[in-house]
Each structure stands twice: as C-alpha cells, then as structure tokens.
Amino acid sequence: MNTAIEIKKGIYWLGMNDRRTHIFENYWPLPKGVAYNSYLIVDEKVAIVDTVERSHMDNYLENLEAVLQGRKVDYLIVNHMEPDHSGAIKTLLCHYPEMTVVGNAKTFPMLANYYGVTRNLHEVKEGDTLSLGTHTLAFYMVPMLHWPETMVTYIPEEQLLFSGDAFGAFGTLDGGIFDDQVDLDYLEEEISRYYSNIVGKYGMPAQAALKKLGGLPLSMICATHGPIWRTHIADIIARYDKWSKYETDEGVVIAFSSMYGHTEQMAEVIGRYLGEMGIKKIRIHDTSKTHPSYIINDIFRYKGVILGSCAYNGGIFPTMETLLCELENMGVKNHCLAYFGNKTWGGGAIPRFKAFAEKIKWEVVAEPAEACGAMKTTDAEQCKAIAEAMVAKLKA
C-alpha cells in the first residue's frame, strides 16, 4: 500500500514509523517509537532527500516506486550519514545504479567506509545550488549539528528546509505528519528529550546554524525524525535557540542512587525543604530506575541540580557514575550544583562528586552533606542547608 504523502506540489514525504525498536542507537529508550522521514522531489529531475533505516526497506521502496511510476531517480541528497538516514543507500543504488549521490567533502569518506560507494558522486559546498527544473536545491553546511558532515538543503521557491536531525523528535507520527495534525502535548517530552540527548552536546554549532539560517524565509521545516513543522515554526526555532544557549527555568532536579533507602531519604528531605521555600518545579529521579536521557532532559529545563549517592565498593554507585559520565561528555553548561552522600564506613561518593563539579564547571552552592546510615538530626540540618543555598541562588 502506498503511504507517501504530497506535502507540497511535487514534494513527497516517504517516512516510516518504527514501533518495534525499543532503544535508539542501542541506548536511548523509545517508549513512543520513532519516525524516519525521507523526502522525494519529482520535477524535470528526481531527487531523494535522505533515506530511512534499512529494516523498513521493503515498504520504503514500494512507496517510492508508487510515486515515481517508472521514472528513475537522478539525485540522492545526503544531508547526514547516520545509518538511520543513510541505511537505504546501497539498496537504492541497486535499483537506480546511475543515481548521483550529492554530499559535501566530509560526506564521501563516510559513504565509502559504510557502504563502499565511491562513484557517481557530486560534491557541494556552502551556498551551492542544484536545479531540478522548477525547484532549486541550495546547500548550507552545519558541521557538528551533530556530525561533521551534516548539511541542510533548502528550496527557495517553496521556502522549505530539509533540516536533517535538527528540529527532530522521538515518537511515531500517529495519524498525521504535520505539527498541526499530531498531538504536540503528547510528544512534548520526546521533542525536548531528543534535543537534550541527541543534539544537546552541540549548543555552539546549533547557535551557529541558527544564525546562518536565520535569514531564510520558512514555510516548512522537514526534519528526519518527528513532525514536519509548518504551523509552529517560530516556536520550535525559539526552543532550539533557548536550549542551545543552555537557558533554564527556575527549578531543581534531584537525582539519587540508593541501595537501602538512606540516600533516598536525604533526597526526599531536600525536596521537602525546597518545596517549603517556594520551589515548585522539583523533579526527583532514582538513577537505578530512570534512564539518564530523562534526567538529562530535566537538567536541560531547570537551573538547579542536586546529586546524591550511596557508597558502593568504596566509591560511587554505578548508575550515578553513568549519569555523571553522560553529563561530563555532553558538557552541559550554566547550572547550579549541590551534592550529598551516604556511607557505612570509609570511602563514598563525595570525592567523585567533587571531581565532577571541577570538570563540568557548574557553580557549587553549598557544602556537601554526608550521612552514615540512617538520617540523624545533624544530617537533616545539612540537607536543609543545601536546600537553602540552592533556593537563595535560584531566587537571586
């Protein structure tokens, strides 16, 4: 069955919904699935813009052939080489062996390394154009958004931007493909979680891309995941601008690791004091239960971060270590930090938290609290001091 959708005259969405894959890139949970968006332009020349993950190859080819009705593909535009968007390239070349692959200088080594493709290549540079007939393709380089070869493709006649992974989202497209056809409230967390975990490390490249593309009139943004933006374009651009500047709202994320409940008790007490002092946006996560992607998503939203861990083999608990490594790798900026720990004898989490603070360069607002076993009055006072210091910083 042909499920291709014409989004502008002669321009088609050839996307696929994936409800079977549990984890994206073998790491990020997909409770609401994911969509892979590919696009087709039928003009005097025919061009495909990005492809889909290879497990959806049969349906993808069926849709493509149903639209083309025997016509050949002249160009394949490769905005981004990750296999969830380039996975169909070898199969497409088998069906259309004379098809020219369009990319930039950094695209082609990856193309050769992944798929052994070394012929029929057309290199484009910043600002180059390619005429398909009534449609012109203009190319802009957006390196490290979020791979070095990443570029975007713009059709000035339609004011349409093929944005690659930028402005994308987790979640399948249920019933519609446009932002005004789907439930954006339902996808809200998947839009921000996609940015914070997939693109979030690259705030400066995102800012550079927004400045470069800011002068382009836009009637539609066609990302490779998530909905096609046509009604809420200004809103999603404003979000990317805010997120990539690491701007946050007033609130606190408390993430803890606890084996027998003592460290969790400290987290609860800190949360209660924060609430009593007027902080409403408080998110408390158990790192053993909540995947880091959800915790990181909340950290991108809120200014305050308070971390706590029990001791484990003389150091920090493994799931907290995972979260710290993720945050260090992403280089998230502009947060206020406090931390606490719980131990039974020598060793514990505090030295690792201190090293984390020094590496990530967040402002530490309070002395750490460290309890031994069940909480005592003095421990509660230390927890209160952490809450007071965090609130004072957030309210300043």
Side-chain angles (χ1 to χ4, degrees), residues 248-328 332 335-357 360 362-395:
T248 52
D249 298 327
E250 181 183 283
V252 179
V253 180
I254 302 174
F256 71 88
S257 303
S258 187
M259 293 176 67
Y260 301 111
H262 299 136
T263 314
E264 181 177 9
Q265 189 179 24
M266 297 175 75
E268 291 278 10
V269 168
I270 293 170
R272 295 280 179 149
Y273 281 125
L274 290 170
E276 289 177 2
M277 296 173 198
I279 302 298
K280 292 185 177 181
K281 300 294 179 69
I282 302 168
R283 304 290 184 263
I284 302 179
H285 294 288
D286 182 343
T287 63
S288 294
K289 180 179 180 180
T290 305
H291 190 272
S293 65
Y294 294 94
I295 304 173
I296 290 169
N297 190 36
D298 278 342
I299 288 173
F300 263 83
R301 289 173 174 158
Y302 302 118
K303 183 76 169 179
V305 179
I306 301 176
L307 304 174
S309 177
C310 59
Y312 191 82
N313 289 337
I316 203 164
F317 197 74
T319 55
M320 179 57 71
E321 176 65 27
T322 297
L323 176 62
L324 297 185
C325 288
E326 284 281 358
L327 290 168
E328 288 171 345
V332 183
H335 285 74
C336 300
L337 174 67
Y339 49 89
F340 61 95
N342 197 298
K343 64 182 181 181
T344 301
W345 65 91
I350 298 302
R352 177 65 179 97
F353 282 137
K354 183 179 179 181
F356 167 78
I360 205 163
W362 292 351
E363 180 181 0
V364 178
V365 301
E367 290 296 316
E370 188 168 40
C372 290
M375 279 189 63
K376 302 163 186 66
T377 302
T378 53
D379 301 322
E381 289 300 316
Q382 285 184 300
C383 290
K384 183 179 181 180
I386 285 176
E388 287 176 335
M390 184 60 75
V391 172
K393 180 56 65 173
L394 296 181
K395 297 289 187 181

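Numbering starts at 1 and runs along the sequence shown. All figures in this text were calculated on a predicted structure; none of them were measured in a lab.
- Listed by first and then second residue, the salt bridge (Lys or Arg N to Asp or Glu O under 4.0 Å) pairs that reach into residues 341-350 are K343-E370, sequence neighbours excluded.
- A 4.5 Å side-chain heavy-atom check between F356 and E328 finds at least one atom pair inside the cut-off.
- Counting heavy atoms from C-beta outward, V253 and L307 have side chains that stay 4.5 Å or more apart.
- Contacts of H262 classified as side chain to side chain contact (heavy atoms under 4.5 Å, CB included), with partners at least two apart in sequence or in another chain: N342, A374.
- Note that CD of E367 and OH of Y339 are 7.5 Å apart. Values are rounded to the nearest 0.5 Å.
- A distance-only check finds no donor-acceptor pair linking the side chain of H335 to the backbone of V305 [under 3.5 Å].
- The pair E250-K280 fails the salt-bridge criterion, with no side-chain N (NZ, NE, NH1 or NH2) lying under 4.0 Å from an Asp/Glu carboxylate O.
- Counting heavy atoms from C-beta outward, T322 and P292 have side chains that approach closer than 4.5 Å.
- Among residues at least two apart or in separate chains, side-chain hydrogen bond (donor to acceptor under 3.5 Å, both in side chains) pairs with a member in residues 302-315 are R283-Y302.
- With D379 contributing its side chain and K376 its backbone, the two residues share a donor-acceptor pair below 3.5 Å.
- No side-chain heavy atom of K281 sits less than 4.5 Å from a side-chain heavy atom of D249.
- Pairing each heavy atom of I284 with each of A267, the nearest pair is CD1-O, 4.2 Å.
- A search for ring pair (Phe, Tyr, Trp, His ring centres under 6.0 Å) contacts involving H285 returns nothing, not counting sequence neighbours.
- Contact check for Y294 versus D298: no side-chain heavy atoms found under the 4.5 Å cut-off.
- Closest approach of T287 to A255, counting heavy atoms only: CG2-CB, 4.2 Å.
- A side-chain donor-acceptor contact under 3.5 Å links W362 to the backbone of V332.
- Note on residues 304-321: pairs passing salt bridge (Lys or Arg N to Asp or Glu O under 4.0 Å), not counting sequence neighbours, are E321-R352.
- The heavy-atom pair separating P368 from I350 by the smallest distance is CB-CD1, 3.9 Å.
- Annotation for Q382 and A369: closest pair CB-CB, 3.5 Å, computed over non-hydrogen atoms.
- A side chain to side chain contact (heavy atoms under 4.5 Å, CB included) with M390 is found for exactly one of L337, I254, V252, I270, namely V252.
- Listed by first and then second residue, the salt bridge (Lys or Arg N to Asp or Glu O under 4.0 Å) pairs involving residues 259-271 amount to none (not counting sequence neighbours).
- Contact annotation: the side chain of F317 approaches that of M259 to within less than 4.5 Å [non-hydrogen atoms, C-beta and beyond].
- K384 NZ to E276 CD: the interatomic distance, rounded to the nearest 0.5 Å, is 8.0 Å.
- Looking at F256 and D286, their side chains come closer than 4.5 Å, going by heavy atoms from C-beta outward.
- Shortest non-hydrogen contact noted between Y273 and A380 is CE1-O, 3.9 Å.
- G261 and S258 get closest at one heavy-atom pair: N-OG, 3.1 Å.
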